[in-house]
Amino acid sequence: MAGKSLQSIRGIHDGLPAEVRVWQRIEAAARKVFASYAFSEVRLPVLEPTELFVRSIGEATDIVSKEMYAFTDQGNDHICLRPEGTAGSVRAYLQGGLTRSGTQRWFYVGPMFRRERPQKGRLRQFQQIGVEMFGASGPLEDVEMLAMAHAFLSELGISGLNLEINSLGCSACRPAYRDKLVAYLNARADKLCETCNERIEKNPMRVLDCKVASCQAELGDAPEMVDHLCDDCESHFTGLKQGLDALAVPYRINARIVRGLDYYNRTAFEIVTDQLGAQGTVLAGGRYDGLVQELGGPPTQAIGFAAGLERLAMLLAESDAAVVDVAVAALGEATITHSLQQAAFLRSAGLNVVHCGGGSAKRQFKVADREAARFVVVIGEDEMNSGVVTLKNLATGEQQSVPVNQIVNQVFA
Ligand code: ATP
Ligand code: MG
């Protein structure tokens, strides 16, 4: 008896051809733009020591406290499926001994895993295109990073995206601000949701981006980091804004951007759309000057961002099906080998070719139709012996006899 068919794990999604074509378009835009800023691709492991994320992202964050796919393997090692790409990049940067090799500009594309509640735009396995820059000292690097993010999404031609920036301060100015914020929040704790209450002590800045409307209503006049920056952070933020203005990269300041991860300081930014409801952030990142040191390396200033591939794909129209230039129809057993050779020849000449698989002419024309081929090349015994084929243009219905070596010219004409 046949078994019940198996489904994928909830929140884990198959990339079928029509969707992958869109992903590839996004990746192609990323590769083109990132290469123009001299970024190189890295391919890093999906499995990492759990400890890496506890030490970097922080224990009190949503990701580490409840979203990681962490387990103990057969050798009793604590392992997890990476929830993001920055911590692993820092680990690889240190392990690869690249701290003395000058500025490193990296990008990656790959799956990330978070055990979140599955919903539109929120998957448990999703893909990120991310970039990291190690040795990024001043606001100038932030400017170029944000300009690169802007150029990447512009290349895709998505409209209605907005770049929002903020400064999260640094270890010199954040503690005093944090105290102020905690006092403000404690004074209103009874009006804030349960999650916010849990965050007041552990991660008070996260309260600022709570999605609950009644919390937001309560936080209207909350103190903001941008008003409490030390001189260094202030001039860094000014440098960033001036640079973006000079490059005509549009942005707005959003003092509520806090990022969910502990390691960020100074510049934080998101690119958002209003087309995806609550899951409107398509790209997010920031500066993380303390993280390399935190993970055992020398002081190294750094900045990065990551974009969610599936969320971006939702903003793009499905791409057309793969282009089939030519479908090869072989009439009669005796022509099969020859037709396979012709198909191979046409491919090596640069055409996209499918073979219709032999059988009746009617069946093979149906195959060509379903493949939406532009042309059918019909090879019968007579044609095979005389070195010509029948070439039919499926769009116009036009049919002609052409020598094999002229098919390519006809198809490209
Ligand atoms: P959000 O506020 O939406 O939870 P985040 O702050 O957790 O996002 P980051 O860790 O900064 O997100 O990840 C960068 C980008 O990766 C996000 O802006 C989003 O586009 C994408 N992303 C994050 N989590 C998911 C998910 N569960 N499913 C799909 N895409 C995601
Ligand atoms: Mg999240």
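Side chains included, hydrogens not; waters and symmetry mates left out as well; all remaining heavy atoms used. As the structure lists them, so they are numbered: ligands from 1, and atoms in each ligand from 1. Every value quoted in this text rests on a predicted model; they were computed, and no experiment measured them.
Of the candidates Lys211, Arg259, Arg114, the one placing a heavy atom closest to atom 10 (O) of ligand 1 is Arg114.
Only the side chain of Gln128 comes within 4.0 Å of ligand 1, judged by heavy-atom distances. Contact annotation: for Val282 versus ligand 1, heavy atoms closer than 4.0 Å belong to the backbone alone.
Atom numbering of ligand 1 starts at 1 in the shown order; those under 4.0 Å from a heavy atom of Ala306 are 14 (C), 15 (C). For ligand 1, the atoms sitting less than 4.0 Å from at least one non-hydrogen atom of Ala284 are 11 (O), numbered in the order shown with element in parentheses. Atoms of ligand 1 lying under 4.0 Å from any heavy atom of Glu116, numbered from 1 in the order shown and given with element: 24 (N), 25 (C), 26 (C), 27 (N). Counting the atoms of ligand 1 from 1 in the order shown, those under 4.0 Å from a heavy atom of Thr281 are 17 (C), 18 (O), 19 (C), 20 (O). The ligand atoms of ligand 1 that sit less than 4.0 angstrom from a heavy atom of Gly121 are 28 (N), 29 (C), 30 (N).
With Thr281 contributing its side chain and Leu283 its backbone, the two residues share no donor-acceptor pair below 3.5 Å.
Ligand 1 is never approached by Gln279 to a heavy-atom distance shorter than 4.0 Å.
With Trp106 as the fixed residue, the ring-ring contact (aromatic ring centres under 6.0 Å, His included) test singles out one of Phe305, Phe39, Phe134: Phe134. Each of Gln127, Glu19, Gln125 was checked for a side-chain hydrogen bond (donor to acceptor under 3.5 Å, both in side chains) with His13, and the lone residue meeting it is Glu19.
Residues Val282 and Leu276 form a side-chain contact, since some pair of their non-hydrogen atoms from C-beta on lies under 4.5 Å apart.
Each ring pair (Phe, Tyr, Trp, His ring centres under 6.0 Å) pair with one or both residues in residues 168-192, not counting sequence neighbours, appears once here: Tyr177-His228. Residue pairs satisfying the side chain to side chain donor-acceptor pair (under 3.5 Å) criterion with at least one member in residues 130-157, sequence neighbours excluded, are listed as follows: Lys32-Glu155, Thr86-Glu132, Tyr108-Glu132, Glu132-Tyr288, Asp142-His236, Asp142-Thr267, Asp142-Arg287.
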Show your reasoning for whether side-chain contact (heavy atoms from CB on, under 4.5 Å) applies to Tyr93 and Thr300. CA-CA 11 Å; Tyr93 170 67; Thr300 307; 3.7 Å; yes
